Amino acid sequence: MKQKKTGKSFSAGATTLIACGTHVKGDIHFSGNLEIEGEVSGNILAAEDTEARVRVLQQGHVRGDVRVPNVVVNGRVEGVIQAQSYVELASNAVVEGDVHYALVEIEKGAQVNGSFVHESAKVLKMEANEEQAEG
């Protein structure tokens with residue numbers, strides 16, 4: 001019998017929770033951990049040179065791009081995901097957009113309506129830095 005691993009550990013730093021019933025409009029810039037059970041209409045961006053992690057939980061919904069080193073989705077994302085380290089798509093994940101990744105893990109039941117693009121962590125980091133400089 002295959003035993004499910006418990007997933008990646010939390011990154012160092014604070015954890016921010018966007019609770020169920022909460023709707024945030026606008027871009028979110030953070031470091032540490034971000035847990036989303038509510039809705040976010042805007043881009044999610046991690047601070048440079050961090051091991052930040054975002055988790056979109058089962059009731060969570062993101063309408064915007066996600067540029068974070070470590071991404072776990074078990075809810076819904078409508079936008080491009082760019083993960084410099086890894087992306088984990090749990091069984092209830094629904095992604096409407098491309099997934100750029102260095103490492104990916106996909107559980108049975110996850111849905112992606114977009115392309116998977118494998119890129120080295122270095123390329124993803126350079127792209128994220130260029131877009132932050134433009135914005």
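Predicted model, so just to flag it, every value in this text is computed and none were measured.
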**OP:** Locate the shortest heavy-atom distance separating P69 from A46; write the atom from each residue and the value.
**Re:** CD-CB, 3.7 Å
Subject >> E96 (side chain) donor-acceptor with E78 (main chain) under 3.5 angstrom >> reply: no
**OP:** Check whether V71 and V104 end up in the same hydrophobic cluster, where Ile, Leu, Val, Met, Phe, Trp and Tyr are linked by side-chain heavy atoms less than 4.5 Å apart.
**Re:** yes
Subject >> Atom of I106, atom of A110 and distance for their closest heavy-atom approach >> reply: CG2-CB, 3.9 Å
Original post:
Judged by atom type as modelled, is there a donor-acceptor pair below 3.5 Å linking the side chain of N92 to the main-chain atoms of N74?
Top reply: no
**OP:** Please confirm whether the backbone N or O of N43 pairs with a side-chain atom of D27, one donor and one acceptor, at under 3.5 Å?
**Re:** yes
Subject >> CD1-NE2 distance between I44 and H29, expressed to the nearest 0.5 angstrom >> reply: 11.0 Å
Original post:
Are the charged groups of R55 and E88 less than 4.0 angstrom apart, N to O?
Top reply: no
Original post:
Which heavy atom in N70 sits nearest to a heavy atom in S85, and how many Å separate them?
Top reply: OD1-CB, 3.0 Å
Original post:
In this structure, which one of R76, R63, Q59 forms a side-chain hydrogen bond (donor to acceptor under 3.5 Å, both in side chains) with E39?
Top reply: R63
Original post:
What are the two closest non-hydrogen atoms of L17 and E37, and how far apart are they?
Top reply: CD1-OE1, 4.0 Å
Original post:
What are the two closest heavy atoms between V99 and V112, and how far apart are they?
Top reply: CG2-CG1, 4.2 Å
Subject >> T22: side chain to side chain contact (heavy atoms under 4.5 Å, CB included) partners, not counting sequence neighbours >> reply: I18, A19, V24
Original post:
Is the shortest heavy-atom distance from the side chain of V54 to the side chain of I28 under 4.5 Å?
Top reply: no
**OP:** Flag the pair L89 / V73 as yes when at least one side-chain heavy-atom distance between them is below 4.5 Å, and no otherwise.
**Re:** yes
**OP:** Taking the side chain as every heavy atom from C-beta outward, state whether E119 and Y101 have any atom pair closer than 4.5 Å.
**Re:** no
Subject >> Shortest non-hydrogen contact between Y86 and A83, atoms and distance >> reply: O-CB, 3.4 Å
**OP:** Using a strict cut-off of less than 4.0 Å between a Lys/Arg side-chain nitrogen and an Asp/Glu carboxylate oxygen, indicate whether E35 and R53 qualify as a salt bridge.
**Re:** yes
Original post:
Can you check whether F116 reaches V87 side chain to side chain, under 4.5 Å on heavy atoms?
Top reply: no
Subject >> Results of side chain to side chain contact (heavy atoms under 4.5 Å, CB included) for V80 - residues two or more places apart only >> reply: D65, Q82, H100
